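What follows is a short report on a single structure.
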Amino acid sequence: MLANKDPLFLTGVTFPSEYHASPETLVKLTVYDAKDKNQESSSFLGSATFSVGELLRAKDERLTLSLRSSDGACAAGTVVVSRLKMGEMEEVDVDHITTDVPSHKCPLVCESASHAGIDRENNPLTGPVFKNPICKVYRFQTEDSKWMQVREQMEECTLSFSVPKQLLSLYIQEDMSRVQDLRELGELSPHWDNLRKEVMTRYGGIISSYQETFAELDKITGRSFKPSCCKAQKSLEFIPINLHTQRMRVTCPKKTDAFYDVVTVGAPAAHFQGFKCGGLQRLLSRYEAEKKSFSTAYQCIYYSPQHTAKAQEVLSTMSLLQPLIAGLADQLLQAAQEHSCPGLRDALKNLSDKTEQFVHTLKDELVKSALLALHAARPGYVSKSQKQNPAQGGQHQGHVLQGSDQNPSPAQGLPGHSPATSITDNAAVCNNVEGSQSTTRGEGGPLKHQDSIPHHKEYDEEEWDRVWANVAKCLNCVIAMVDKLLEEDNSKQESVPEQQLADVIISHNPGTWREQLCAPVTKLKECVMEVVEKARRGMTFVLLQEAACSIPQGFFLQQRRDVVFSQALAALACGFVMRLYAGMQDQGFLRQLHLVGLVAQFESLLSTYSEEIGMLEDMEVGISDLQRVLFQITEAQTDDFRDLQPLVFGRRDHFTVEVPLPRLVFQNLPAEIKEGKPLRVFPVLFNVGINEQQTIAERFGDISLQERINQRNFETLESYYKSLTETVPLECLPSFRTQTDVKELLETLGQNVVTKKRKNVEILWIAGTICRRLNGIRFTSCKSAKDRTSMSVTLEQCALLRDEHQLSKDFFIRALDCMRREGCRIENVQKNIKCRKYAFNILQLMAFPKCYRPPEGTYGKVDS
């Protein structure tokens, strides 16, 4: 050990699987005095040689060897070699161990950069996603004087790059589709046409930037993680920082193995764009407040975020349902062609369900009002009020009309416009304007209520209602025709003698049903298509107005949100796949998965001061946006690793991650999951800053963001638990040695969330415990997932060993220091910055809670 006059320590050597050791194999041990481990400065002490056969023949399979200097003249000490079979535990008398294991030694018994408990590369449930394992194995003493074996395994995840690349491709497709929709809006007045061109130019800039980033990522091969030193690199801004999985497997004598998983990742944040003006949460709040004034400047209707989201939802649902309805209609005709009564009934039921869903989606006044607003933006539009006031109308044709609160504006009569906002805050739909002046109340006089909606003699305001209702009428015609055909067929079968039934069926013209159904089915498809075209134009116009009044800030925010969401989704997909693989044999977990969903608990150690408050604001929005994600389990086409890679589908308002499983594994899943039931995840975020910047924030700054995040997410977690207990039996949840009830833990968490206490890390501990009790997915983050994250992960692992596996109290600190000094987390530091030191200085550590401080010699000033 470093800085010790009489060093005694334990380390391990593993023979690689490709190296065939025999009893004749000679092993040479060479011992060096490490002057400075980080600088690789050392001096030779001595060496010893033995054969594998000598070790196997020795009593208790232990050899005590003398170290000799290079000339063989003097002894430099002794080395004890013992054999340990990996995966086996032996009940060893405590005295036998403590003779060779003094109180200050590090109880690491084996380490390997490639050895893993499972052959990852050849395992279809792990190979496609997890790679480059680093493994450390320890032995620790329990309270009953037994010995447990602890395996720590850290791995990279291929989803670090594959998910962001898929998202980038989807973003590009969505924006290109948006540009095409804008082109297809038709002819617009000069004012709106200029805005459309500007918006299309902005979209073109985003598409070009994303294509460039995608091309850069496509050049990268072999890498599976982004090191912390690259967090502000533009070409990698969509990639999560330092994403790794970590599993601790515990083997105790005569007990079933237990394992505990955690995903570590740098806080999802837009590091390249910086935090000078704050993060997403602050920027979005400011943007929404300013957007109303933007809408006045650009003469647009102000649509709330809810109405914008509704427009995106309508577009997304239509693009999904329209081809589905067309396909189901063709299936109905095919069943009629085959004269199949069961097929006809099934196809009709599916067609009815999807068409009713389609009609329900469009049963929204937003669509109707958007079509009216679009009509008012056509060239040559003149409002009814302007026709009644030719003097003013001729002078200001098409200008925005304004009125008092008692005289609503054209925009105020439309859903999507804030009814409580006066027209002075929000401009009405503007159309044929070359300038941007408005007809004032004094010039045009007060407007009557019937003038509050755009009118035009050539536009029938009830047209949308008729078109939309025609879909339901056409569906009713199809249903009536199918019922008639089935009824006629049934009556024919009842009237024909049994012996002649086969002859009747054979002689029946199979084309008759199809011919009778063809006309109503074709009409239904035509009506659906007509509705889709109209609604698409209306919703596209809504989004055009939203985009026009958000130039350029809205586009910058969208890009920032895309970046943050990409990092968050990659981490979530990694955690979901890891949790799914671990729970494939747990029927209670699978039942919980499809009935309720899983909680994904993100632990953050960011401070609420300086740049990190901007990172936390980014992270809050990114984690919240994960609510728009669903998962589906599918059967892989083959067991080839490429067919087992998770896939992402959808658009910004809704994404689905498909996780393919090998056929044999897929067949053992519950029927609901095999049928493609969408699986939900409930993301929650808890943050407690622990560094010196948090000390400043608590004493002189503002920690309201942290308090609000913790309170809001506690309510989400509480709601999830209530839903879980109402749906799933408690027997489905995992059992733990500590029998504290989850309800009691939630009460304690709630009390801690509202308690004014500095650096109250108990919030994180309790939230993590609840997550594990609820079969959830655990994430731990700080700025780079390297230093503070390592302190948290190792602390949680040792706490689990103490609480669940009776780790001896005398071993707790030694185990904690050992994991921090020699475990997987220091290897993570090495991978990121090529140096085995945590990026702390002594002054910083004085501000840390004591249990988050690394051992001496493992920290220092480094570039992180």
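Note that the coordinates shown come from a computational prediction; the quantities given were computed from them, not determined experimentally.
- Ile239 is not listed as a side-chain neighbour of Phe225, based on a closest heavy-atom distance of 4.5 Å or more.
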For this session: Dump the intermediate steps for side-chain contact (heavy atoms from CB on, under 4.5 Å) on Leu280 and Glu620, then the final yes or no.
Result: CA-CA 8 Å; Leu280 272 172; Glu620 180 190 10; over 6 Å; no
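- A cation-pi geometry, defined here as NZ or CZ lying under 6.0 Å from the six-membered ring centre and within 45° of its normal, holds between Arg773 and Phe736.
- Between Ser224 and Lys131, the shortest heavy-atom contact is OG-CD, 2.9 Å.
- Using a 4.5 Å heavy-atom cutoff, the side chains of Val150 and Met819 are in contact.
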For this session: Show your working on salt bridge (charged side-chain N to carboxylate O under 4.0 Å, His left out) between Glu804 and Arg772 and close with a plain yes or no.
Result: CA-CA 12 Å; Glu804 302 299 328; Arg772 295 196 185 278; over 6 Å; no
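- For the pair Val564 and Met619, the minimum side-chain heavy-atom distance is 4.5 Å or more.
- Using the six-membered ring where Trp is involved, Phe655 and Tyr171 have ring planes that are perpendicular, over 60° apart on the 30 and 60° scheme.
- Side-chain atoms of Gln694 never come within 3.5 Å of backbone atoms of Leu605 as a donor-acceptor pair (strictly under, hydrogens ignored).
- Between the side chains of Gln711 and Glu715, at least one donor-acceptor pair of N or O atoms lies under 3.5 Å.
- Here the side chains of Glu174 and Leu170 are not in contact, with every heavy-atom distance at 4.5 Å or above.
- In terms of heavy-atom proximity, Val596 sits nearest to Phe682 at O-CE1, 3.2 Å.
- Counting only distance, with no hydrogens or angles, the side chain of Asn242 and the backbone of Ala785 share a donor-acceptor pair below 3.5 Å.
- When every heavy atom of Ser566 is checked against every heavy atom of Pro164, the shortest pair comes out as OG-CB, 3.3 Å.
- Side chains of Phe576 and Leu593 form a contact here, defined as non-hydrogen atoms less than 4.5 Å apart.
- With a 4.5 Å cut-off on side-chain heavy atoms, Lys783 and Arg788 count as touching.
- A donor-acceptor contact shorter than 3.5 Å links the side chain of Asn713 to the backbone of Leu685.
- Between Val471 and Val359 the shortest heavy-atom distance is CG1-CG2, 3.7 Å.
- Of the possible donor and acceptor atoms, one in the side chain of Glu612 sits under 3.5 Å from a partner among the backbone N and O of Ser607.
- Of the possible polar contacts, none joining the Asn828 side chain to the Cys824 backbone as a donor-acceptor pair under 3.5 Å is found.
- Within the 4.5 Å cutoff, the side chain of Thr789 has no heavy atoms near those of the Glu603 side chain.
- Using a 4.5 Å cut-off on side-chain heavy atoms (C-beta onward), Tyr581 and Val665 make no contact.
- Using modelled atom types, one finds a donor on one side chain and an acceptor on the other under 3.5 Å when comparing Ser624 with Gln627.
- A side-chain donor-acceptor contact under 3.5 Å links Gln706 to the backbone of Gly689.
- Closest heavy-atom contact between Leu644 and Ala636: CD2-CB, 3.5 Å.
- Panel note: side chain Gln246, backbone Glu152; no donor-acceptor pair is recorded below 3.5 Å.
- Residue pairs satisfying the salt bridge (Lys or Arg N to Asp or Glu O under 4.0 Å) criterion with at least one member in residues 559-580, sequence neighbours excluded, are listed as follows: Arg560-Asp618, Arg561-Asp625, Asp562-Arg652.
- Looking only at distances, no side-chain donor or acceptor of Gln567 sits under 3.5 Å from a matching main-chain atom of Gly266.
- With hydrogens and angles left out, the side-chain atoms of Thr656 and Gln632 include no donor and acceptor closer than 3.5 Å.
- With hydrogens and angles ignored, the 3.5 Å screen pairs a side-chain donor or acceptor of Ser790 with a backbone N or O of Lys786.
- Looking at every heavy atom in both residues, Gln587 comes nearest to Asn668 through NE2-O, 4.4 Å.
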Identify all side-chain donor-acceptor contacts of residues 670-679 below 3.5 Å with residues at least two apart in sequence or on another chain.
{"from": "Lys674", "atom 1": "NZ", "to": "Gln667", "atom 2": "O", "distance (Å)": "3.2"}
{"from": "Lys677", "atom 1": "NZ", "to": "His594", "atom 2": "O", "distance (Å)": "2.6"}

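- For the residue pair Thr780/Arg778, the side-chain donor-acceptor check at 3.5 Å is satisfied.
- With hydrogens and angles disregarded, a donor-acceptor distance shorter than 3.5 Å links the side chain of Ser160 to the backbone of Cys157.
- Donor-acceptor pairing under 3.5 Å is lacking for the side chains of Gln637 and Asp643.
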